[in-house]
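Notes for the one structure printed next.
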4 protein chains.
Amino acid sequence: MALRSEESRRAILDATISLVNPEEGEAISLQKLSIERIAREAGVSKTTIYRWWPSKVAVVIDSFLEYHVARTPFNDELPASEALRDHLASVADVYGGSEGRLLAQVIAECQHDPEAMKEFKDRFWLNRLETSTTLIRRAQDEGTIRDDLSSREVADILYAPIYFHLLLQSGPLDGEWAHRLFDTALEGCRSKK
Amino acid sequence: MALRSEESRRAILDATISLVNPEEGEAISLQKLSIERIAREAGVSKTTIYRWWPSKVAVVIDSFLEYHVARTPFNDELPASEALRDHLASVADVYGGSEGRLLAQVIAECQHDPEAMKEFKDRFWLNRLETSTTLIRRAQDEGTIRDDLSSREVADILYAPIYFHLLLQSGPLDGEWAHRLFDTALEGCRSKK
Amino acid sequence: MALRSEESRRAILDATISLVNPEEGEAISLQKLSIERIAREAGVSKTTIYRWWPSKVAVVIDSFLEYHVARTPFNDELPASEALRDHLASVADVYGGSEGRLLAQVIAECQHDPEAMKEFKDRFWLNRLETSTTLIRRAQDEGTIRDDLSSREVADILYAPIYFHLLLQSGPLDGEWAHRLFDTALEGCRSKK
Amino acid sequence: MALRSEESRRAILDATISLVNPEEGEAISLQKLSIERIAREAGVSKTTIYRWWPSKVAVVIDSFLEYHVARTPFNDELPASEALRDHLASVADVYGGSEGRLLAQVIAECQHDPEAMKEFKDRFWLNRLETSTTLIRRAQDEGTIRDDLSSREVADILYAPIYFHLLLQSGPLDGEWAHRLFDTALEGCRSKK
DNA sequence: CGATAAACGAGACGGTACGTCTGGTCTTGTG
DNA sequence: CACAAGACCAGACGTACCGTCTCGTTTATCG
C-alpha cells in the first residue's frame, strides 16, 4: 500500500540541513527558510512535506536532531566532576560554532510555537538534561558536589551561562571560558575574606 | 520642514504593543505580527513606518523599550548583596509574566537579524548589564562578593539562569526561585564535606 | 495535474468587463483599473491572474475579445460594395457607443506596451483587416473598386476616419456619417468641374 | 506677492520633454512618467507642479506644445492642392518619427481623461484643423477640390490615415506614402471601367 | 496476479504580507 | 506668498510562501 518513502524523507532532511547549515555557500536563516524552498531543494512536492510534518520548525527539529548527533559525550572513567567539567567545555565549544547558531535559531522559532517548543524539549532538551543529571548525581555520590541541591539546580547554574551566551550573543563561548565558569560555579561567588 | 509626526510615532508604538501584549484579547506572536497589521491598527500608512524603521523588529524593540520601563529598580540603601538578591528576584518575577514572553520573542527575532541583535544589545542589554555591574562592584567593595572575579563573570552566573528559564521555558521563573538561586550561586556547588 | 480553472478564468474576464464597461453604474477607466481590483471583483487571488496573464492590458485584451464578438458581420448576398458600405456603417455605429470607448482605451494602453500592441494587432486588428480585405477584393472583382489599388490602401481610406473619430473624439461616429464617408471615398474629392 | 517663477516653469517643461523624448538615452513612456520624476529631474518640488497643472497629462501637453512647434508649414505660393499634398507628406514624415510616438502617447493619455482631451483638442487639434481647413477652402476656391463637401469631410479623408497609422502602428508613415494617399483620396476608389 | 489503497510529483488555488513606488494633500520654514 | 522640502495616507505593484486542494502516476502489499 505504498509505505512512506524513505528516499523522500532523507531528501527532505538533507535538503533542510544543507540550506540552513551548508558545507559551502551562504546559509539561509531559519526564518527565511520556507517549506517551498525545502521542497524545491529536495526535489519533492510540498504535499509530501505537509503529509509528514505539521510545520517548518518540525522539519527543522527532525533535521537538526539527525544532524546534531551527540558529539559531546562524557568520559565515564574520569571522576564525575572532571567529566562534567569537560562535558561543559565541549558543549561550549560546539555551540560556539555554526551548529550553535542553528540551535539558537531553533530555540528562537520555538518561542512562538508551543507545539514546537514541546517537541524540542521532549526530543532534545530532556535528553540533554538527563545527560547532565546523570553526571551531577554521580558527582554528588562521589562527594564533589553538594547533595543538598537538586540536580536541576546544579544544572541550571552550570549550563545556563552557555545558553545565555549562545542566545544573547554576548561574551565568549568556548571550552576555556567554560572551564573557568565551572570552577567559579563550584567555588561560589561569596567572598571568603 | 515637515517634521516627523509625533502623533504617528505614538500610534505606531502603541499599536505594536497592543497587538503583541494586549491588555485584553488574544496576543499575536511577534513572528505573525506584520508591518501591514501595525499600520492598519495604528491608522497609519506603511510608508510612514518604513520611513522611520528599517524592519519589524526595530519597531518592536522601540515599542518594547518604551513599554518595558525599568520596573526592576534596586535599592540603594540596602547592602549591595541584599539589593542584588532582590533585584534578581524582581527581574525573575517580571520575566515570568507576559513581558517575559515578549522579551523572549524579541530575543528570538534577533537570532536571524544581526542588525536587530546589535540594536537590542546596545539599547537593552548593555543597560541591564550596567545595572548589575554597578551592584556587583558595590558588593565586591563591601566584601560580600569575591573580587578576583570580573563583574561580568558574576553577572553571567547570577543572571544566566533567568534567561535560560525564560528562553527554554523549562523550570520556574519567579522571585522565590531566584532567591534560592542567588544563595546557591554565592555559596557554590562544591560539597563542603 | 491540476488543470486551469475555467471558473476562475471566466470570473476574471467577466469582472474585468463589468468594471470597465458595466451594464449599470460608473465605468472605471482602463488606466485606473488595477489587477488588485479585478482580483477583488472576481473573487480570485492576484496570483491566479499573474499566473495566466503577463499584464493588465493582456487581461483586458482577452476580456475585450471575448466580449466584443464580431457583431459587425457583412452580408454575403449583397453586392460587395453594398456589403462594404453597410459594414462600415455598422462598425461606426458600434464604435460610437461604449464599446468604442473601451476599444479606444485598449488602443491607448497599447501605445506604451509593444507586447500588448503586438497581441492586439495579432488577435483583433489582423482579423478585422482580413474581413475588410475580403470584401474589398470582392468589390474589385465585381468591378466597383479600382483594382490598381492594394486592398490595404482602400482599407486605409475607408476605415481610417472611423478610428480617427474614435480616438480623437472629434466629429460624428455613426452609420449615417459612415455611409456618406464611403460615398465620398469612392467618388474622390477632386472637383469634376 | 511672489509671482510665478518662470525659472521653475521652464525647468518643469524642459525636464518633462527630456524625460519623454531625450536627445540621448532611453525615453521613458508617458505612462511611466510621474510627477515625482519630473519634479526630481527639474529640481522643483511636487507642490509647485501641482499648483500650476491639474495633472501629469496637462504638463505633458504644455511641454509638447512648446516643443512641437509647427514644423509642418504649408507653402502659400503653391497652388492649394500642391500645398495640401506637401503638407500631408511633411506631417506624415514628422509623425513617423519620435515626435509621432510622443503625440500618440499624448492622445493615448487623453482617452481616460476628458479634461485633457478637451485641452488637447483646444490647443493642438483645433489649430491643426484650422490649418488644413484653410488649405482645403483655398483648394475648393481654386476648383481642385469638390465644393459640395465640407472642409471637415475632406480633412477626415485626407488626415485620418495618418493618425490611423500613427496610433495602430500598422503600415507605413512617411511622405511618399502620404503623397500616394493624397492622390488616391482625390481620385476616389471607384472603378472607372 | 490483479485489485486497491497509500504515497507521491505536480501544480492551481485563495490568501496574506512583503518592500517599493507614485499619487495627491498638507505642513513648515525661507527668501 | 511662491517655493523647497518632505511627511503623510492611500493604495497598487509584482513576488514569495502559506496551507489546501485536486489530479493522474507509481508502488507495494493483500485478497
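Values below: all heavy atoms of this structure, side chains included; hydrogens, waters and symmetry mates excluded. Numbers restart at 1 for each chain; the letters A, B, ... are given by sequence-line order, proteins then strands.
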Please report, rounded to the nearest Å, how far the [atom2] atom of [N] is from the [atom1] atom of [X].
X: D:Trp53; N: E:dG23; atom1: CH2; atom2: C1'; value: 17 Å
X: A:Arg51; N: F:dC23; atom1: CZ; atom2: P; value: 16 Å
X: D:Ile38; N: E:dG24; atom1: CD1; atom2: C1'; value: 14 Å
X: A:Ile49; N: F:dG19; atom1: CD1; atom2: P; value: 11 Å
X: D:Glu109; N: E:dG23; atom1: CD; atom2: P; value: 11 Å

Starting at the 5' end of nucleotides 15-22 of chain E, put B wherever the base has a protein heavy atom under 4.0 Å, S where only the sugar-phosphate does, and a dash everywhere else. B-BBBBBS
Tell me every residue that passes side chain to side chain donor-acceptor pair (under 3.5 Å) with [X], counting only those two or more places apart in sequence or in another chain.
X: C:Lys56; result: none
X: D:Ser8; result: D:Ser5
X: D:Ser29; result: none
X: B:Arg9; result: B:Glu6, B:Glu66

Going by heavy atoms closer than 4.0 Å, what residues in residues 4-16 of chain C are next to DNA chain E?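 Those residues whose heavy atoms fall under 4.0 Å from DNA chain E, taken from residues 4-16 of chain C in numerical order, are C:Arg4, C:Ser5, C:Ser8.
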What donor-acceptor contacts under 3.5 angstrom involve side-chain atoms of residues 37-44 of chain D, with partners at least two apart or in another chain?
from, atom 1, to, atom 2, distance (Å)
D:Arg37, NH1, D:Glu41, OE1, 3.4

Would you please confirm or rule out a distance under 4.0 Å between OP1 or OP2 of F:dA2 and any side-chain N or O of D:Trp52?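 No, because none of the side-chain N or O atoms of D:Trp52 sits under 4.0 Å from OP1 or OP2 of F:dA2.
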Residues in salt bridge (Lys or Arg N to Asp or Glu O under 4.0 Å) with B:Glu7, at least two apart?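 Result, salt bridge (Lys or Arg N to Asp or Glu O under 4.0 Å) vs B:Glu7: none returned.
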Apply salt bridge (Lys or Arg N to Asp or Glu O under 4.0 Å) to C:Lys118 and list each qualifying residue two or more places apart in sequence or on a separate chain.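 C:Asp122.
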Looking at B:His112, is its backbone amide N or carbonyl O close enough to the side chain of A:Lys32 to form a donor-acceptor pair, meaning the two atoms are under 3.5 Å apart?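 Not at all, since once roles are kept as given, no pair shorter than 3.5 Å links the two residues.
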